[in-house]
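Each ligand, and each atom within it, is numbered from 1 in the order the structure gives.
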Amino acid sequence: MAKQTKYIFVVGGVMSGVGKGVTTSSIGKILQSRGLNVTAFKIDPYINVDAGTMNPTEHGEVFVLKDGYETDQDMGNYERFLNIELDRGNYMTTGSVYRTVIERERNLEYNGKCVEVVPHIPLEVISRIKQAAHKSAADVAIIEIGGTVGEYQNILFLEAVRMMKIESPEDVITVIVSYIPTPSTVGEMKTKPTQYAVRALNSTGIQPDIIVARAERPLDEKRKEKIAVFCSVRKEDVISAPDVESIYDVPLNFEKDHLSDILLKKLSLKAKKQNGTLKEWEKAVKRIHSATHKVHIGIVGKYFKTGDFVLSDAYISVIEALKHAGCAVGVKVVLDWIDSTDFEKDKKKLLRLKKYDGILIPGGFGSRGVEGKIRAVRFCRENNIPYFGLCYGMQLAVIEYARNVLGLTEALTTEIDQKTVHPVVDIMPEQKENLRQKNYGATMRLGHYEAKILPNTIARIAYGKDSVLERHRHRYEVNPAYVKDLEKAGLVFSATSPNGVLMEIAELPQAKHPFFLGTQFHPEFQSSLLHPHPLFVAFVKAASERKNRIES
Ligand code: GLN
């Protein structure tokens, strides 16, 4: 008999942004540590078919899976915590579900029936969840439902949970991650919003099995009791989830409240002994907390501000990859967000970059802030400041080199000016056709591709191998027509596609610059706490060495 997968649904209460994704990932982690095979799944309530067309300032980072699917940033959390690679079957949006159902209807696959929102939409949701669980042979599938309970958008997904629970009550449980505010005027933790959230969940026919109580501080016994009584759960099933210094603390905190034992019991799974996974994790977390040597990294970009707030969500994988590298090197990475348009208004502001131990320019699109970024690259190159460019950050570094070393002062990417005299970065022919047809969704060069690495380069030394698979998301490429001249001028293309046509990494020899490297791909998507990405480690090491040099 095929094994019965168990399903844990994670929903949110009171408000968004309190850490459902980290909760989902952490539940996975503690179950993995009990020897279980775990997979994770994200449901987004948007009409967008995937996350690829969403603006990162509104929705946060677009996380690219190895198969090229453009998904939500939470998928990145799952991969980073669980060290598993997910695929397109592990992500869905309302738009993608409706699209499938409508296409099926058009193909007469419903045998002339009236196709209805209920049950056909939830049935499609259920079938996708089961397929993904089956494909990964998971003992436990954890499914995070985007949004918060009580809103209209995710109601059909909650209906799917209710239907699954009716079908096999012993295999399905629901966790609500809810917020317990401590209003400064009252000075006391208030549980009422959570009570309302649970009531809203009840009204969809679902009673939560576990309440994860997110709050500034750990919950006291009194609050636990109150939540238990008013929300009809046992006191033990109210899990305290206080604010943490590092998200990687969360699985360890959950175990303080014995969450893996509780989950195993509720799902009638055999409790296996802790298998050491969490020990290794705990060691890494200790390293994060004990690092005192600060390394200051400036991230130069444009998607930083929404109103008065800096929106770092747009670069979450980059931030995490830097933290992983910091943990590996034994330093505390301190980040600063630098708006590149500042350098366009006032060149003198570039001098500020001197105080950083390293500068990183992440991926990006369009023309705003680009000249400022190119100036920042030049400043780093000429002042020996470690520089790491990701995707656009690599393309702009190549443009900077073409302009200021090769002497092609008008070098540019055709993304900004189609008629530029020196299209050092140019669109790929098949991409031109996509743009002409306004065919924007899921049409970039996406997902993992192989890159071959040259010997005796920073890249080769960092990776310790000559071939890697890395994830991509771009339409433009270094123009092969300029490669020879750039090389003659001293730039090293240390990795290319296997046929040698596409440039994957550009760098300067270490004799010329301590660390100047850019990748056409996004290494940040493959970094995790226990497996930090080698290029991020090399960059943070270089930054830390600069700091030591300056201090000594
Ligand atoms: N805009 C560039 C391109 O499409 C870079 C994309 C990116 O940084 N992800 O090629």
Side-chain angles (χ1 to χ4, degrees), residues 50-57 59-66 68-71 73 76 299-304 313-319 321 340 359-374 376-377 387-400 402 411-418 420 423-436 438-449 451 470-480 482 493 496-497 501-506 517-527 533 535:
D50 57 39
T53 53
M54 281 190 252
N55 182 338
T57 37
H59 185 67
E61 170 186 274
V62 177
F63 186 81
V64 182
L65 303 181
K66 72 170 184 209
Y69 210 49
E70 296 167 284
T71 69
Q73 53 173 322
I299 302 190
V300 177
K302 68 167 182 180
Y303 289 134
F304 295 160
D313 260 15
Y315 300 103
I316 177 105
S317 293
V318 176
I319 301 172
S340 62
I359 293 293
L360 184 150
I361 297 189
F365 295 87
S367 58
R368 189 161 68 83
V370 156
E371 287 304 319
K373 287 184 195 174
I374 294 175
V377 176
Y387 173 76
F388 194 16
L390 311 176
C391 206
Y392 217 12
M394 176 262 206
Q395 296 174 352
L396 298 178
V398 173
I399 291 170
E400 188 279 319
L412 201 58
T413 162
T414 49
E415 178 168 354
I416 295 177
D417 179 5
Q418 286 180 23
T420 178
V424 169
V425 174
D426 197 8
I427 192 151
M428 297 186 265
E430 64 275 22
Q431 290 296 346
K432 219 177 205 160
E433 195 46 30
N434 283 331
L435 292 189
R436 207 181 54 76
K438 293 198 161 53
N439 187 12
Y440 300 119
T443 57
M444 285 189 240
R445 182 171 182 243
L446 291 166
H448 74 187
Y449 286 94
E470 290 282 4
R471 296 187 195 174
H472 296 68
R473 183 172 189 252
H474 60 113
R475 282 190 211 282
Y476 298 80
E477 292 283 349
V478 173
N479 187 340
Y482 289 89
F493 289 104
T496 64
S497 57
V501 176
L502 307 177
M503 300 303 113
E504 292 281 11
I505 303 182
L517 183 144
T519 62
Q520 181 56 81
F521 49 83
H522 290 269
E524 69 271 25
F525 292 147
Q526 294 201 94
S527 182
H533 193 286
L535 293 180

- Message: With a heavy-atom distance limit of 4.0 Å, tell me whether His474 approaches ligand 1 through its side chain, its backbone, both, or neither.
- Response: both
- Any donor-acceptor pair under 3.5 Å from Gln395 side chain to Thr413 backbone: no
- Query: Among all protein non-hydrogen atoms, which one is nearest to atom 1 (N) of ligand 1, and what is the separation to 0.1 Å?
  - Reply: Glu415 OE1, 2.6 Å
- Within 4.0 Å of some non-hydrogen atom of Cys391, the atoms of ligand 1 are 5 (C), 6 (C), 7 (C), 8 (O), 9 (N)
- Query: Is the side chain of Glu415 donor-acceptor paired with the backbone N or O of Gly366 at a distance under 3.5 Å, no angle test?
  - Reply: yes
- Query: ring-ring contact (aromatic ring centres under 6.0 Å, His included) with Tyr449: which residues, sequence neighbours excluded?
  - Reply: His472
- Item | Carboxylate-amine/guanidinium contact Glu524 Arg473, below 4.0 Å | no
- Taking atom CD of Gln418 as the centre, report whether more than 12 heavy atoms of other residues, nucleotides or ligands fall under 6.0 Å from it. no
- Message: Below 3.5 Å, N or O to N or O, backbone or side chain included: is there any such pair between Gln520 and ligand 1?
- Response: no
- Message: Which of the numbered atoms in ligand 1 are under 4.0 angstrom from any heavy atom belonging to Arg473?
- Response: 6 (C), 7 (C), 9 (N)
- Message: Just to confirm my output: which protein heavy-atom neighbour is closest to atom 4 (O) of ligand 1, and how far is it?
- Response: Arg475 N, 3.0 Å
- Cut-off 3.5 Å, side chains only: do Ser340 and Arg368 have a donor facing an acceptor? no
- Tell me, do Phe493 and Val398 make a side-chain contact under 4.5 Å, heavy atoms counted? yes
- Mark the output for Arg445 as yes if a heavy-atom distance to ligand 1 is under 4.0 Å, and as no if none is. no
- Task: Would you check whether Gly364 has a nitrogen or oxygen atom less than 3.5 angstrom from a nitrogen or oxygen atom of ligand 1?
- Result: yes
- Message: Give me the residue, atom name and distance of the protein heavy atom closest to atom 10 (O) of ligand 1.
- Response: Tyr476 N, 2.9 Å
- Does even one non-hydrogen atom of His522 get within less than 4.0 Å of ligand 1? yes
- Note: Met444, heavy atoms under 4.0 Å from ligand 1, region reported as neither
- Query: Quick one: do the Ser317 and Glu61 side chains pair a donor with an acceptor below 3.5 Å?
  - Reply: yes
